[in-house]
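Report on the structure given below.
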Protein chains: 4
Amino acid sequence: MARTRAAEIAREVTGRELLGAALEVFVEKGYHATTISDIVRAAGVTQGTFYLYFKNKADIFSALLEEYRTLIISGLFDVDVASVKTRDDWLRLSDRIAGFLLDHIKTHGEFMRLFIAETTTIGSCFVDEANAFSSGIMREICRLIEHGICLNLLRDIDVEAVALSAFGALKEVVRQSCFDEGTASAEALIPRVIRSQAELLLK
Amino acid sequence: MARTRAAEIAREVTGRELLGAALEVFVEKGYHATTISDIVRAAGVTQGTFYLYFKNKADIFSALLEEYRTLIISGLFDVDVASVKTRDDWLRLSDRIAGFLLDHIKTHGEFMRLFIAETTTIGSCFVDEANAFSSGIMREICRLIEHGICLNLLRDIDVEAVALSAFGALKEVVRQSCFDEGTASAEALIPRVIRSQAELLLK
Amino acid sequence: MARTRAAEIAREVTGRELLGAALEVFVEKGYHATTISDIVRAAGVTQGTFYLYFKNKADIFSALLEEYRTLIISGLFDVDVASVKTRDDWLRLSDRIAGFLLDHIKTHGEFMRLFIAETTTIGSCFVDEANAFSSGIMREICRLIEHGICLNLLRDIDVEAVALSAFGALKEVVRQSCFDEGTASAEALIPRVIRSQAELLLK
Amino acid sequence: MARTRAAEIAREVTGRELLGAALEVFVEKGYHATTISDIVRAAGVTQGTFYLYFKNKADIFSALLEEYRTLIISGLFDVDVASVKTRDDWLRLSDRIAGFLLDHIKTHGEFMRLFIAETTTIGSCFVDEANAFSSGIMREICRLIEHGICLNLLRDIDVEAVALSAFGALKEVVRQSCFDEGTASAEALIPRVIRSQAELLLK
DNA sequence: TATGAATGAGACTTCATTCAT
DNA sequence: GATGAATGAAGTCTCATTCAT
């Protein structure tokens, strides 16, 4: 029925507007400082409407996080480990990852920043989301390193320790890119950080 | 005067109690979720008393951060870079740093946890504290690496990028040690992470 | 839309109720002694509701003052100076002013009382309101006296000084009418005070 | 005993200091905005000490008012009505009163201002003090006018009404002198206002 | 007398959430 | 589905006052 259809669309639209507005406000003021009132004002709807779509602030934030996880993980899955054969492939791969990250920061940096900031807080209700995210990336990194070892490209290393280091390095450089004022220099560092980690691992 | 003396002591004691209680509650519930009311309850004093000692929640949190910075920086200054001469010295130094960190986590893990968690929040009033802290540590790491290069111990590397990586690695492994459920295994990782980073850098 | 209409009415009603309740409580206890809590209790709404309508206590007080200014100024503009030609007109005019004031006290005495009492407090945020009010009335009085001089009805006088005196006289007699226990006698004085001032000025 | 004597003096001194400090703070911030804490800080003593001398804020304010009443009433009693015989005496007397007021405003203007402001507030605990003061002055004015009528100097007037007017005029001119920014011009008005009132009354 | 730490009542204000329309 | 007025709990903060020393 056209009626139901229209209603569905309306529902979809308002929901989208709320999510968009929420993202905007969260990014600007942080999770704790934003109020439902801020969100609905930004979305151009009223208080009551909010509760037709979300249970509360945590609920809409979770929804945003979920969207984000989907987004970045599909991005990471595009990286094709199998095609790496030689030393040069290895370096090229690291450059490609750096490129992906840079692009991602440029297009979704605000979101990334929000995510990093709000999920590491003590008492955060989003620990599960954060963990899912971290372990997803760690898995990728491990897979990469193990593949390199199989090919006899890499030095004799403590895989787990090295993967953890690499993850920390990534996280920190991203953090700096997202948070620090002098973003430019921090962004410039990303390829260098990833490249130098890659080189250190090579035989 | 005896009375003045007594008052002085009382003042000192209550101030300590408030700081201690605040640390405890902050660590348990996080900065945003803890209320002044929580703190005074834990300290065994009344609301009014709190305001004799601190302006507000941010003020007592700042006081805690400051205490912590003093604590850890004095610990780091004990590391004697000059005595490092050979490859073995280098590895021993890295072990010593790992040891220091482990001890530190055991004795002041709460502080560390609180610090790491709460200073990366968007809209945090503590960005300056966080940056002061980070750059202090980065400086130490750079000094170490440059010293190693001077001695011709280390490979040809991008110092800034590598120092940033090392810092990120440290931070992540510490974070996992402080936060994750299976703390034991995470703690076990600290020496391995630091050691493997050190080895990668060696020629 | 019916709902919007209902909401509009509700909004209007509650706002009126708050203003009315505030006037009542302010008059009874004075500005400083009344709390928001008093006002909302008198208005039959809850604390939160108050803040949907006014920023704080000073805000609702300002709103009251503004209402009052509008009220009395429109009353004063009704006085028609131009029609005064003879000695008798002059005396009749003074009687008419006295009548207006008496009526005003009877119908809006609370407003007047509140206004007179609370706008002379040191540190009052309402000095501007008070001055606007005073100079408005002073202007009227000067206009009156100058008109009388033009017509050669009045003695040779220091207009500014006399207008100031007349204003002070008015204010004091009104004050006594509003505040003193034996209001009756004080009210009786108003016509006598105004009349005797008028006679003193006549040649 | 010297001991007791010294103690008495000490008591006197601290009490004076508190009164002086209180006056200063009251004048600066007004009655309601000043706290006990402000007063003791200004006096250089501690909270506890205050309560050895005064019951509460109203108590110390009352003490100040009482001091002030004594001061001004003794000033007014110096005016010698009996010596007025002629028309010129009458004008000279009015000039003398104006002079006294001007001097008084110059030396105790702050106090006057405080007094005027805080005793006319609704719910003021100082109504009695204010009334005692007003009726004292009214009595003087009536005495003056009646004396003038006895001497056949003055026109045929409604004594009560005229006295009230005169009192109001005085009060307003004083108020303007004390409160308004352009004090200079207001002060200049005092002699003119009093003089013109005196002249209007003369036959 | 003087101190000043401690109290605790109470004021102000915000905000998530509900509900009648 | 949308509205937005109303709620009321909960938090922040101030200050007059007490009391052990």
Side-chain angles (χ1 to χ4, degrees), chain A residues 3 6-8 10-11 13-15 33-40 44-59, chain B residues 1-15 32-38 40 44-58, chain C residues 1-15 32-40 44-57, chain D residues 6-8 10-11 13-15 34-40 44-59:
Chain A
R3 235 309 202 21
E8 255 171 44
R11 184 168 177 86
V13 167
T14 310
T34 96
T35 65
I36 306 286
S37 165
D38 291 329
I39 296 172
V40 297
V45 298
T46 54
Q47 302 274 84
T49 304
F50 178 90
Y51 291 91
L52 295 175
Y53 291 86
F54 301 98
K55 274 215 321 282
N56 48 36
K57 191 165 68 162
D59 191 31
Chain B
M1 294 129 209
R3 63 208 99 188
T4 304
R5 202 61 207 283
E8 255 172 43
I9 291 168
R11 190 168 175 82
E12 178 70 18
V13 166
T14 309
H32 287 98
T34 98
T35 66
I36 307 284
S37 185
D38 292 330
V40 298
V45 296
T46 55
Q47 293 268 29
T49 302
F50 178 89
Y51 292 92
L52 293 177
Y53 292 85
F54 302 98
K55 276 215 315 285
N56 46 38
K57 195 165 68 161
Chain C
M1 291 122 209
R3 63 207 100 191
T4 304
R5 201 62 206 284
E8 255 172 45
I9 290 168
R11 192 170 173 80
E12 177 70 20
V13 166
T14 308
H32 287 99
T34 98
T35 66
I36 308 285
S37 183
D38 292 330
I39 296 173
V40 297
V45 298
T46 55
Q47 294 269 33
T49 302
F50 178 89
Y51 292 93
L52 293 176
Y53 293 85
F54 301 98
K55 276 216 315 286
N56 48 36
K57 195 168 63 164
Chain D
E8 257 171 41
R11 186 170 175 84
V13 167
T14 309
T34 98
T35 65
I36 306 285
S37 165
D38 291 330
I39 296 172
V40 298
V45 298
T46 53
Q47 302 273 84
T49 303
F50 178 89
Y51 291 91
L52 295 175
Y53 292 85
F54 301 98
K55 277 213 320 283
N56 48 37
K57 194 165 67 160
D59 191 30

Nearest-angstrom distance from the residue atom [atom1] of [X] to [atom2] of [N]:
| X | N | atom1 | atom2 | result |
| --- | --- | --- | --- | --- |
| B:His32 | F:dT12 | NE2 | P | 12 Å |
| D:Ile39 | F:dA16 | CD1 | P | 8 Å |
| C:Glu8 | E:dT21 | CD | C1' | 14 Å |
| D:Phe50 | E:dT1 | CZ | P | 16 Å |
| A:Lys57 | E:dC15 | NZ | C1' | 10 Å |
| B:Asn56 | E:dC12 | CG | P | 21 Å |
| B:Gln47 | F:dA16 | CD | P | 18 Å |
| D:Tyr51 | E:dT7 | OH | C1' | 13 Å |

Check your understanding: Could you write out DNA chain E as a dot-bracket string, with dots for unpaired bases, | for bases paired across to another strand, and Watson-Crick or G-U pairs counted at under 3.5 Å?
Key -> .||||||||||||||||||||
Side chain of [X] (C-beta onward), nearest among [options]:
| X | options | result |
| --- | --- | --- |
| A:Tyr53 | F:dG1, E:dT3, E:dA6 | F:dG1 |
| C:Thr14 | F:dA5, F:dT3, F:dT7 | F:dA5 |
| A:Arg11 | E:dG4, F:dG1, F:dA6 | F:dG1 |
| D:Leu52 | F:dA6, E:dT1, F:dG1 | E:dT1 |
| A:Thr35 | F:dA5, E:dA5, E:dA16 | E:dA16 |
| B:Thr49 | F:dG8, F:dA5, E:dT7 | E:dT7 |

Practice item. State, with a plain yes or no, whether a side-chain heavy atom of B:Val40 is found less than 4.5 Å away from one of B:Val45. Key: yes
Review point. Which heavy-atom pair separates C:Phe50 from C:Asn56 by the least distance, and what is that distance?
Key: CZ-O, 3.7 Å
Study note, to complete from the structure: Scanning both residues in full, the closest heavy-atom pair of C:His32 with C:Lys57 reads O-NZ, 3.5 Å
Study note, to complete from the structure: Contacts of B:Thr34 and C:Thr46 projected onto DNA chain F by closest heavy atom; the upstream (5') one is C:Thr46
Review point. Of B:Ser37 and D:Gly48, whose nearest nucleotide on DNA chain F comes first from the 5' end?
Key: B:Ser37
Check your understanding: Could you state the interatomic distance from OH (A:Tyr51) to CD1 (A:Ile36), rounded to the nearest 0.5 Å?
Key -> 4.0 Å
